[in-house]
**Student:** 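First, the structure itself, so that you have it in front of you.
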Amino acid sequence: MNVWQQRWDEGRIGFHRLEANDALVDHFCHLDLPIGSTVMVPLCGKSLDMHWLAEQGLTVVGIDMVEKAVLEFFQDSARTPHIERRDTETKYSSVPFHLYHADFFEVHPDEAPFEAWYDRAALVALPSSIREAYVEQLVALTSSDAKGLMITFDYPQHEMQGPPFALPDSEVESLFSPFFEIQRLQFTDLTLEEQREFSRCSLSVFLLTRR
Ligand SMILES: C[S@@+](CC[C@H](N)C(=O)[O-])C[C@H]1O[C@@H](n2cnc3c(N)ncnc32)[C@H](O)[C@@H]1O
């Protein structure tokens, strides 16, 4: 069984937060989005960040391969979505939310191309071997002037088996620089705060702008 399906089935969703992410709140302004814009949230889970984005006047399009995540997002907010089943994906809509139960690498959202995306625990949830494909899919789904906010996590990979998988600066550079300008908005050393006893651990927030 898929590892994510299993985690959702067993309720092992320690990544889920009960309030909007501070980094999103602090840096959202850099996306510079007019009210009414649409933002994509790849690998969205049932993140409450999607509610926060909607509260800023945005349409929110989330994508997750585990149906339970999508269903719980709507259940938890007492919404009954309209459901549209397609060949390889199902679209759940309750304005301003459209969540696709689909593999991010194969999804065909009606709302693409997106002018913005928000990545929290998405790229770091994927092992290095499929990250290039993730960036290619981002490029395919976004407009030529799109911007993205990405929160990353770095630590010596051999000290823990992911996810989250470490995402060092060098990999951010090699993955994104062919397509995006990269600007770091935040660097926070978490070495002393993390209870997992990494020898080094940090969080970064990047603004990515299509070239
Ligand atoms: C670490 S969780 C993060 C969820 C959310 N971004 C958050 O901040 O709470 C990663 C999510 O990605 C989903 N996922 C993993 N691989 C995927 C893929 N190829 N396509 C779509 N969703 C995927 C998992 O089901 C899981 O809900």
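By convention here, the first residue in the shown sequence is residue 1. Remember, it's 1-based here, ligands and their atoms both numbered in the order they're listed.
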**Student:** Is there a polar contact between ligand 1 and D49, counting only N or O atoms under 3.5 Å apart?
**Tutor:**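 In this structure, D49 places no N or O atom under 3.5 Å from an N or O of ligand 1.
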**Student:** Do Y155 and Q157 meet the criterion of a side-chain donor-acceptor pair at a distance under 3.5 Å?
**Tutor:**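 Short answer, yes.
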**Student:** Quick check on contacts: which atoms of ligand 1 are under 4.0 angstrom from a heavy atom of W8?
**Tutor:**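 Those qualifying, in numeric order: 25 (O), 26 (C), 27 (O).
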**Student:** Considering non-hydrogen atoms of the protein only, which is the closest contact for atom 9 (O) of ligand 1, and what is the distance?
**Tutor:**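 For this ligand atom, the closest protein heavy atom is R120 NH1, 3.4 Å.
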**Student:** I want to confirm something. Looking only at heavy atoms, which of D64, N21, N2 is nearest to atom 27 (O) of ligand 1?
**Tutor:**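 It is D64 that holds the nearest heavy atom.
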**Student:** Any nitrogen or oxygen of H16 lying under 3.5 Å from a nitrogen or oxygen in ligand 1? Just yes or no.
**Tutor:**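 No, since none of the N or O atoms of H16 sits under 3.5 Å from an N or O of ligand 1.
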**Student:** Counting only nitrogen or oxygen atoms and a 3.5 angstrom limit, does V66 reach ligand 1?
**Tutor:**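 No.
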**Student:** Do the side-chain N and O atoms of Q183 and T209 include a donor-acceptor pair separated by under 3.5 angstrom?
**Tutor:**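 No, no side-chain donor-acceptor pair sits under 3.5 Å.
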**Student:** Please identify which atoms of ligand 1 are closer than 4.0 Å to at least one heavy atom of F105.
**Tutor:**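 Near F105, meaning under 4.0 Å from one of its heavy atoms, ligand 1 has 19 (N).
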**Student:** For A69, state whether at least one heavy atom is located under 4.0 Å from any atom of ligand 1.
**Tutor:**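 Under 4.0 Å: no for A69.
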**Student:** Within the 4.0 Å heavy-atom shell around A121, which atoms of ligand 1 are there?
**Tutor:**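 Numbered from 1, ligand 1 contributes 1 (C), 2 (S), 3 (C), 10 (C).
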**Student:** Look only at interatomic distance and state if A125 has a nitrogen or oxygen under 3.5 Å from any nitrogen or oxygen of ligand 1.
**Tutor:**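 No; the residue has no nitrogen or oxygen that sits under 3.5 Å from a nitrogen or oxygen of the ligand.
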**Student:** Could you walk me through whether F104 and W4 pass the ring-ring contact (aromatic ring centres under 6.0 Å, His included) check?
**Tutor:** CA-CA 13 Å; F104 178 67; W4 289 106; over 10 Å; no
**Student:** Any chance the side chains of S128 and E171 put a donor and an acceptor closer than 3.5 Å?
**Tutor:**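 Yes, a side-chain donor-acceptor pair sits under 3.5 Å.
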**Student:** Measure W4 to ligand 1 on non-hydrogen atoms and call it side chain, backbone, both or neither using the 4.0 Å cut-off.
**Tutor:**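 Side chain only; the backbone of W4 stays clear of ligand 1.
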**Student:** Identify the heavy atoms of P164 and F153 that sit nearest to each other, and give their distance.
**Tutor:**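 Distance-wise, the nearest heavy atoms are CG-CD2, 3.6 Å.
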**Student:** What atoms in ligand 1 come closer than 4.0 Å to a heavy atom of D103?
**Tutor:**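 In order of number, 18 (C), 19 (N), 20 (N).
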**Student:** Assess whether salt bridge (Lys or Arg N to Asp or Glu O under 4.0 Å) is satisfied between R120 and D49, documenting all intermediate values.
**Tutor:** CA-CA 9 Å; R120 185 260 166 183; D49 292 342; 5.3 Å; no
**Student:** Among the heavy atoms of A102, does any lie under 4.0 Å from an atom of ligand 1?
**Tutor:**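 Distance cut 4.0 Å: A102 passes for ligand 1.
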**Student:** Any idea which part of C44 is under 4.0 Å from ligand 1, heavy-atom wise: side chain, backbone, both or neither?
**Tutor:**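 Near ligand 1, C44 shows its backbone, while the atoms from C-beta on stay back.
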**Student:** Looking only at heavy atoms, which two atoms of V25 and A20 are closest? And how far apart?
**Tutor:**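 Here V25 and A20 meet closest at CG2-CB, 4.2 Å.
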**Student:** Looking only at non-hydrogen atoms, find the nearest pair between R131 and A166 and report the distance.
**Tutor:**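 Distance-wise, the nearest heavy atoms are NH1-O, 3.0 Å.
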**Student:** Give me the nearest non-hydrogen protein atom to atom 20 (N) of ligand 1 as residue plus atom name, then the distance to 0.1 Å.
**Tutor:**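 Result for atom 20 (N) of ligand 1: F104 N, 2.8 Å.
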**Student:** If you have a sec, work out which protein heavy atom is nearest atom 14 (N) of ligand 1 and how many Å separate them, to one decimal?
**Tutor:**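 That would be L43 CG, 3.6 Å.
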**Student:** Which option wins on minimum heavy-atom distance to atom 18 (C) of ligand 1: M65, R7, M50, Q137?
**Tutor:**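 Among M65, R7, M50, Q137, the closest heavy atom to atom 18 (C) of ligand 1 belongs to M65.
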**Student:** Any nitrogen or oxygen of S47, side chain or backbone, less than 3.5 Å from one on ligand 1?
**Tutor:**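 No; the residue has no nitrogen or oxygen that sits under 3.5 Å from a nitrogen or oxygen of the ligand.
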**Student:** Can you tell me if R184 uses its side chain to pair, donor with acceptor, with the backbone of F206 under 3.5 Å?
**Tutor:**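 Side chain of R184 to backbone of F206: no pair is present.
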**Student:** Has the side chain of H108 got a donor or acceptor atom that lies under 3.5 Å from a matching backbone atom of E106?
**Tutor:**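 Such a contact is found between H108 side chain and E106 backbone.
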**Student:** Donor-acceptor pair, S202 side chain versus T188 backbone, under 3.5 Å?
**Tutor:**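 Checking the backbone N and O of T188 against the side chain of S202, no donor-acceptor pair under 3.5 Å is found.
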